[in-house]
Amino acid sequence: MHKTMGPTALRRLMTEYRELTLHAPEGITAGPTTEENFFEWEALIEGPQDTPYEGGIFPATLTFPKDYPLSPPVMKFTCEMFHPNIYQDGTVCISILHAPGDDPNMYESSSERWSPVQSVEKILLSVLSMLAEPNDESGANIEACKVWRADRKHFDEIVRSTVRKTLGL
Amino acid sequence: MSEGITDPSDWPIEFKSLREIDSHLRCPICKELLRAAVVLQCSHNFCSECIRRHLDKESSCPACRVATSTSQMRRNVALDEIANNFGDCRSLLLNTLMEAVQPKPVVRPVPPPQFVKEESMDIDYDSPQQKRRRTSTRITNRNVSSSQDHTDIAMGQVTLDDDKDDDFVLNHRDSSPLRHKGKNVHRSTGPVLRSRGGRAEQTLSQSSQSSQADERHEPTNLTKQEPSLPTASDHFHNSAPAPAEVQASLNSSTNITSSTITTSVASIASSPVIGPNLVACPICDKGIPEPYTNTHLDKFCLAGRTDPDYTVPYSLISKQPASVIALYTKQGTSTRDVVPDTNSSLTKPGTPGRSVGSNSSTPNSPARQSTMQWQPQMSSNGTAPRQPMFTPKPAAPEPKRIPKLTYSLLNDKQLRKKLQELGLQTNGDKTLMAKRHAEFATIFNANCDSTRPKPLSELMKAMQVWERAYEKDLEVRETQRRILDQQQQAQRQIHAAKEAKRQAKEDAAAAAAREAAMDSPGATPPSSQSSNGRSTFVPNQANSNAVNVAIASASAFAHAAKYADEYAELIAEVRNRLQADKEKALANTTTTITAEPAPPRSAPSQ
Ligand SMILES: [Zn+2]
Ligand SMILES: [Zn+2]
Ligand SMILES: [Zn+2]
């Protein structure tokens, strides 16, 4: 039965994985951590060019709910990330990851938020553009927000030092 | 996961339109071919079940976010039929195209395919009856010819006679043989293709409609033949060589490829039926006893070999009166004398139980080619019924939907009664009962929207699966809660151990000070052991080994501060054990669970 809840989510994830394997967007790699559990993914995000994140490769996890794609996954960087929209524990806070119902930032327009027609690929692309253009209205990391607003140069320096750390330099 | 995962990009890049069709027949929520397609007021289409589940959470279209609700959605019957039938023929069509696009490696030099001269074909093989028959199968033949074109492109062996007109070349250039430019004049109600998996019957006619080649081919076919009685025998024979040539030509891989094309394309469109017992093989055109068709296809035609036992072209023994053909042609539904397929999805949209059973179990089975069965649809005496294919029928009464309930307004007893009325389980607390009712309402109502509804027994089976999944989910949640508890407890103990360590250090410092004081004149007497003051640390026997380790570490530090480094190791061990415990617990529960909220980072050592 393809229509009971679990299988739908599983098949949809398999479809997306297949799609991402065949036509991966630049700068993004993603897939299930193990073949046994399609609800836990690992992703590798390349820092976008012309940003302080350039040159970095940032690992993250995606944790999918059982009713995916009705509800969005949770995305969490597993490396140190200094960014206004990333919590200190690595959790990414952008509108596409928020269902319209549970919007921590009331200003987010509903058109940007999660809907079942969105996809892992769209999430990861949003994260790429989030790295390039932080949204300082949504303060997941207040410190990063402050620095980003007040002293862009310093912000870039901090980011670059975390990038070096990520790369083990 | 018996069903393969499919995707529009499965189609060769040359067939962009097929990719488009494929993607438009998919539900944007589940990304699979639409099942029980419904349309919202904003014109976006979804599987009934997918959109119902979404609308349970949110009252807007997932695609455009326009506000909507289940009461505003409508069945999209035609789209559902198209999606179903597309799903039925998808893998066959795909295999065929793939073979056409990626020809098998040629082992020995292959002469360019020789197109048979029309004249000779006519002289040798076309009886008047056959010509009439061919009128009826013209669509097929055109398909065949266009597929042949494609093969030639792929193999770089385009050797068309000069007198083939420019239309042909044009078709080469856009290299999309299945482009639909021609008007869909002839719809053939073909034989019913059944797969053993039981996926619903397919009238192949739909596929043939979608694969009709350019009308412009017609002049090509007709130029050298009787202009008054259009046939397409030339093209047909291009790919399905006449008996005399079969032996020779089938040996070349080129012709194997082209005959494979014929397999599906011809089988899609043509359903020659001859006599009570013989049917025409869609590939080699020979008359084959109906029960033997599968074996014949599998062993010979699909394998590119000729069947030594059946060598007579069915056309030579066919005797179809032209008047019969004309009858169906006029109605625009069928071009040959077959009995209307009452199981056809065209004839009975929305009739419940039409494809009873496991129609979804193996829709895209790779074994499909070898499991197809030809069902002769003709009455045995060769006469066809004269009633029209589409008698206007009153719409089938819509099954009643299960109304949504406001569960908060019902008490347990009322809810239990509702479940009982639906024949559902009544165990569990109110939450479970409400969820059970909602789940059944969703799948039941979605099933009502389907043009291929499943029998109730299947829905009940699905509910059993749901019950098990729900139970498992509860177990998993329980395990997660236990792990979290354990972690918190261990956290507290680590904290206590740290406190003990700090105390131990103080004690050691005090002891050292005392010693120093003793050595010096005027020393004060040593105070009684202050290290006993750490009674706040109460071990919990029920807890894991982690506790013991923590206790050990604490007491170790009670004795001497010089074990500080060791303590750090012990803390690390506590953490490792906790991690191991957690993994073990997780391994005990089955996978596919969402992760618990992240475990609190263990306290930094030192
Ligand atoms: Zn769907
Ligand atoms: Zn819409
Ligand atoms: Zn109507």
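Since we're looking at a predicted model, the values are computed, not measured. Letters A, B, ... mirror the listed sequences (proteins, then strands); counts begin at 1.
The heavy-atom pair separating A:Pro69 from B:Ile29 by the smallest distance is CG-O, 3.4 Å. When all heavy atoms of B:Asp10 and A:Arg18 are compared, the pair lying nearest together is OD1-NH2, 2.8 Å. When all heavy atoms are compared, the tightest approach of A:Ser115 to B:Arg65 is CB-NH2, 3.6 Å.
Of the residues listed (B:Cys27, B:Pro28, B:Cys61), the one engaging A:Val117 in a side chain to side chain contact (heavy atoms under 4.5 Å, CB included) is B:Pro28, and it is the only one.
Heavy atoms from other residues, nucleotides or ligands lying under 6.0 Å from NZ of A:Lys146 number 12 at most. Residue A:Gln88 places its CD atom among 12 or fewer non-hydrogen atoms of other residues, nucleotides or ligands, all under 6.0 Å distant. A:Arg152 CZ: more than 12 foreign heavy atoms inside a 6.0 Å radius.
Judged purely by atom type and a 3.5 angstrom limit, A:Arg12 has no side-chain atom pairing as donor or acceptor with the backbone of B:Lys31.
Here the NZ atom belonging to B:Lys472 is positioned 11.0 Å from the NZ atom belonging to A:Lys66, to the nearest 0.5 angstrom. For the atom pair NE2 of A:His23 and OG of B:Ser9, the computed distance is 3.0 Å after rounding to the nearest 0.5 Å. Atom CD1 of B:Ile5 and atom CD of A:Glu19 lie 12.0 Å apart (nearest 0.5 Å).
At a 4.5 Å heavy-atom cutoff, the contact between A:Ser71 and chain B is made by backbone and side-chain atoms alike.
Every residue meeting the side chain to side chain donor-acceptor pair (under 3.5 Å) condition with B:Asp80, not counting sequence neighbours, appears here in chain and number order: B:Thr451. Contacts of B:His437 classified as ring-ring contact (aromatic ring centres under 6.0 Å, His included), with partners at least two apart in sequence or in another chain: B:Tyr407.
Ion pair A:Asp67/B:Arg53 not flagged as a salt bridge, since none of the NZ, NE, NH1 or NH2 atoms sits closer than 4.0 Å to an Asp/Glu carboxylate oxygen.
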